[in-house]
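Step one of this worksheet: look at the structure below.
The basis for the numbers below is simple: all heavy atoms, side chains too, and nothing from hydrogens, waters or symmetry mates. None of the values given here were measured: they were computed from a predicted structure. Chain identifiers are assigned alphabetically (A, B, ...) following the order of the sequence lines, protein sequences preceding nucleic acid strands; residue numbering begins at 1 within each chain.
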Number of protein chains: 2
Amino acid sequence: MLASTSRATQKDIAARTGVGRSTVSLILTGRGDELRIPQATQKKVYQAAEKLEYRPNSLASGLVGKRTQTIGLLFPSSFFFPQNLLPQGISLRLNRQEYQTYLVDSLNDVGVIRDALLEMASRRVDGVVLYTTRHLLKPEIRDLLNKFPVAILMSHEPLPRESLRSHMIFENIASGVDEVVDHLVKTGRRRPMMLVNQSPGNTCRLAAFKNALRRHGLDSSDDAAVFGIPRCAAGMYDYFAYFMEHFESQRLEDREFDALFCTSDEGASAAIRYLKKRGIHVPQDIAVVGTNNAPWTQAIEPPLASISWRHVDASELVVKRLRERLDAPDLAPGCDELPTRFIWRESGG
Amino acid sequence: MLASTSRATQKDIAARTGVGRSTVSLILTGRGDELRIPQATQKKVYQAAEKLEYRPNSLASGLVGKRTQTIGLLFPSSFFFPQNLLPQGISLRLNRQEYQTYLVDSLNDVGVIRDALLEMASRRVDGVVLYTTRHLLKPEIRDLLNKFPVAILMSHEPLPRESLRSHMIFENIASGVDEVVDHLVKTGRRRPMMLVNQSPGNTCRLAAFKNALRRHGLDSSDDAAVFGIPRCAAGMYDYFAYFMEHFESQRLEDREFDALFCTSDEGASAAIRYLKKRGIHVPQDIAVVGTNNAPWTQAIEPPLASISWRHVDASELVVKRLRERLDAPDLAPGCDELPTRFIWRESGG
DNA sequence: TTGAAAGCGCTAACAA
DNA sequence: TTGTTAGCGCTTTCAA
């Protein structure tokens with residue numbers, strides 16, 4: 001009745017065919033031809049396997065072999081929400097290549113990341129992909145990462161390598177932010193402000209934004225350039241309502257600004273709606289730019305300018321690097337960079 | 001250097017402490033007190049485990065034990081896209097209960113589902129959750145499901161039980177569709193049409209829609225009530241553009257209808273935009289209703305009415321049922337129903 | 001209370 | 001070309 005109870009093993013096949021157990025193993029792992037085992041023997045074994053509905057026990061082969069055909073994926077919550085094709089793309093590609101994936105939500109928490117990595121190690125994954133920010137990459141996490149046969153480290157900010165042997169893939173958010181600010185300045189905005197959801201993942205975006213302001217000689221003080229709202233709870237779903245509440249309670253309309261750059265499209269679309277209600281015109285009075293470039297940004301009024309990630313390229317790259325390193329674990333660690341881009345639409349002015 | 005190479009085993013702990021290997025196992029699995037093993041011995045073992053950075057090998061314990069603490073999750077592509085909290089919610093809850101999950105995209109394909117289930121069986125998962133439609137639930141899939149210690153079957157349409165031993169969880173889409181049509185008729189619409197993305201998952205929604213029309217004595221023929229567009233490719237990302245193209249090429253504005261019910265919010269928002277461009281007013285001329293109730297439905301103009309799933313409740317329920325059955329695999333199979341609901345917003349008229 | 005021994009299903013030497 | 005043997009790391013009798 002239990003799956004484990006009902007299954008035939010190589011031993012059963014051996015008994016049934018009169019072929020030795022290790023020969024069965026060799027044939028079933030596809031090395032029959034290589035070792036010149038007669039077709040007749042091979043056929044017998046394959047037929048018996050089929051008849052007995054033989055299925056290899058991955059736990060057993062993983063225990064004794066060197067590969068478990070398993071990859072651990074560790075991503076922050078934001079990747080489980082709209083428009084983030086990264087873990088899904090990686091997973092789909094790996095599935096097609098006979099790998100299974102453990103997908104875990106890191107919740108942007110060092111403890112969760114540590115525990116998950118330990119768990120992955122217990123399960124003898126062949127590799128891990130960790131998407132993280134600089135501040136979560138504590139020494140203890142670095143040490144753990146180095147213990148895996150292969151590890152890919154992803155981030156939207158540059159990460160200090162130090163002793164890390166992992167390959168890095170860097171989705172450069174700063175490049176998109178730069179383009180946004182350049183555009184705003186070029187079209188005459190003098191007081192761009194950033195809407196910052198105070199999660200640690202946003203510190204580097206904020207830094208990029210302030211940098212860009214300074215580059216243009218604009219006021220980058222918190223007072224002038226930041227509209228902060230608290231980090232939202234894990235499992236939060238209705239971002240839109242959440243933003244609206246905070247605009248209301250912190251009276252967004254009283255701030256002096258002529259452009260608003262937001263760390264999400266949800267925040268940006270909520271801002272547009274809120275400003276409209278207050279009689280402020282977008283983009284005439286205030287330009288608004290989001291982040292993530294969700295498909296529905298085209299559906300709102302005015303269509304929302306945004307920053308576009310290259311998650312599809314990234315997922316392809318992750319799998320490519322993973323495979324390379326699975327085949328050659330001692331490959332020197334490298335770093336790939338994928339810049340983000342500003343996508344203009346009417347709300348950007 | 002490899003994770004597997006570097007790890008200490010129970011044998012090492014036994015050697016170091018002079019305690020027997022099986023005693024180490026007993027202590028480490030938390031049965032020390034139960035078997036009245038002296039605190040001193042237990043402490044020695046725990047300390048050695050810590051010093052040696054001992055981590056159990058899940059493959060080994062899975063091989064010999066009866067549990068692998070692993071659950072397989074098999075969901076169609078649509079769940080990997082915006083606003084679908086179901087696999088993520090399940091996964092997060094299970095992670096908190098010491099389970100890891102394999103998440104696989106079923107791609108709405110029987111072959112993929114079969115292979116994935118076989119793979120899960122190979123990996124000796126303790127249970128599977130399969131979200132499927134009636135037409136994908138072939139006898140071969142049913143047989144496979146019955147081989148798992150516990151299986152939860154989810155769907156948005158009722159599924160014939162027949163010989164299936166799985167517990168079922170049924171997110172009733174028809175109830176929401178009924179509410180939509182009732183609302184449209186009550187507000188004076190006589191020619192509601194449905195925008196149908198021709199994927200097999202939508203046949204039951206279409207049936208529910210036509211049923212509801214008939215109930216109100218309205219024309220439910222394909223000619224009058226269906227605007228079909230081809231199934232979109234796997235990995236399709238920009239739904240919005242895809243819909244817009246098809247509205248254009250199939251001249252949506254030439255059809256005679258006064259309400260449009262869509263199988264996604266993306267489709268509905270694209271329709272609103274398209275109709276506006278053609279000088280048609282929403283909801284005055286045509287009412288529009290979406291499906292999924294994405295947070296951004298509040299951001300578009302007019303705000304989009306939609307059907308809301310209860311994915312958060314569902315994920316909780318899945319995990320509850322899973323746990324129950326993991327603890328008592330012979331529990332009689334049951335069925336839970338979670339109705340969907342119509343959420344009114346201005347676009348609904 | 002603890003230890004010895006068997007075995008889960010598989011792979012990989014090494015012989016034959 | 002095939003079979004024998006020895007584990008992988010763990011849990012679980014069964015004795016002591």
Side-chain angles (χ1 to χ4, degrees), chain A residues 2-45 48-49 52-70 121-124 126, chain B residues 2-45 48-49 52-70 121-124 126:
Chain A
L2 297 189
S4 44
T5 317
S6 69
R7 307 228 79 100
T9 68
Q10 290 186 356
K11 194 168 153 189
D12 300 322
I13 298 179
R16 208 188 160 92
T17 55
V19 174
R21 293 172 53 173
S22 57
T23 312
V24 171
S25 169
L26 292 172
I27 293 174
L28 258 22
T29 44
R31 289 187 295 165
D33 289 335
E34 177 193 328
L35 293 168
R36 277 178 264 170
I37 296 172
Q39 294 304 321
T41 315
Q42 295 201 36
K43 200 170 166 192
K44 245 189 337 191
V45 166
L52 295 172
E53 296 191 318
Y54 170 75
R55 288 256 92 208
N57 181 325
S58 315
L59 297 174
S61 43
L63 180 58
V64 65
K66 37 209 59 46
R67 290 263 168 277
T68 55
Q69 299 292 116
T70 314
S122 275
R123 290 174 182 254
R124 300 295 187 265
D126 296 332
Chain B
L2 299 189
S4 44
T5 317
S6 69
R7 307 228 79 100
T9 69
Q10 290 187 359
K11 195 169 152 187
D12 299 323
I13 298 179
R16 208 188 159 91
T17 55
V19 174
R21 292 172 55 173
S22 55
T23 312
V24 171
S25 170
L26 293 172
I27 293 173
L28 257 21
T29 45
R31 290 189 295 165
D33 289 336
E34 176 193 329
L35 293 168
R36 277 178 264 171
I37 296 172
Q39 294 305 321
T41 314
Q42 295 202 35
K43 198 170 165 192
K44 239 186 345 186
V45 167
L52 295 171
E53 295 192 321
Y54 169 76
R55 292 254 89 208
N57 181 327
S58 314
L59 297 174
S61 43
L63 180 58
V64 64
K66 37 209 60 46
R67 291 261 169 277
T68 55
Q69 298 292 115
T70 314
S122 273
R123 289 174 183 255
R124 301 295 186 267
D126 296 333

Whole-Å gap separating C1' (C:dT11) and CD (A:Q69): 15 Å
On DNA chain C, check which nucleotide each of B:V64 and B:T41 is closest to and give me the residue with the more 5' one. B:T41
I want to verify a distance call: between D:dC10, D:dT1, C:dC10, whose nearest atom is closest to the A:Q10 side chain? C:dC10
Which part of the nucleic acid does B:L63 contact within heavy-atom distance under 4.0 Å: base, sugar-phosphate only, or nothing? base
Which heavy atom of B:P56 sits nearest to which heavy atom of A:S122, and what is that distance? O-OG, 3.0 Å
Integer-rounded Å distance: D:dC8 P and A:N57 CG: 18 Å
Expressed as a whole number of angstroms, how long is the span from A:L28:CG to C:dA12:C1'? 16 Å
When rounded to the nearest 0.5 Å, the distance separating CD of B:Q10 from CG of B:L28 is 5.5 Å
Could you state the CG-P distance from B:L35 to C:dT1, rounded to the nearest angstrom? 9 Å
Hey, mind stepping through B:N57 and A:L63 against side chain to side chain contact (heavy atoms under 4.5 Å, CB included) and telling me if it holds? CA-CA 8 Å; B:N57 181 327; A:L63 180 58; 3.8 Å; yes
Specify the separation, in whole Å, of atom NZ of A:K11 and atom P of D:dG3. 16 Å
Quick one: A:R124 CZ to D:dC8 C1', roughly how many Å, whole number? 10 Å
Among C:dC10, C:dT1, D:dT2, which nucleotide sits nearest the side chain of B:P38? C:dT1
Within less than 4.0 Å of OP1 or OP2 of D:dT12, is there a side-chain N or O belonging to B:K66? yes
Remember a base hit wins even if backbone is also touched, and classify B:R31 as base, sugar-phosphate or nothing at under 4.0 Å, heavy atoms. sugar-phosphate
Side chains of B:V45 and B:I37: closer than 4.5 Å at any heavy-atom pair? no
Minimum side-chain heavy-atom gap B:D126-B:K66 below 4.5 Å: no
For A:L59 and D:dC8, give me the distance from atom CG to atom C1', rounded to whole Å. 13 Å
Spacing between B:R123 atom CZ and C:dC10 atom C1', to the nearest angstrom: 15 Å
Quick one, B:T70 and B:R123 - any side-chain contact, counting heavy atoms below 4.5 Å? no
Sub-4.5 Å side-chain heavy-atom contact between B:L26 and B:E34: no
Going by number, which of residues 17-26 of chain A have a non-hydrogen atom under 4.0 Å from DNA chain C? A:R21, A:S22, A:S25
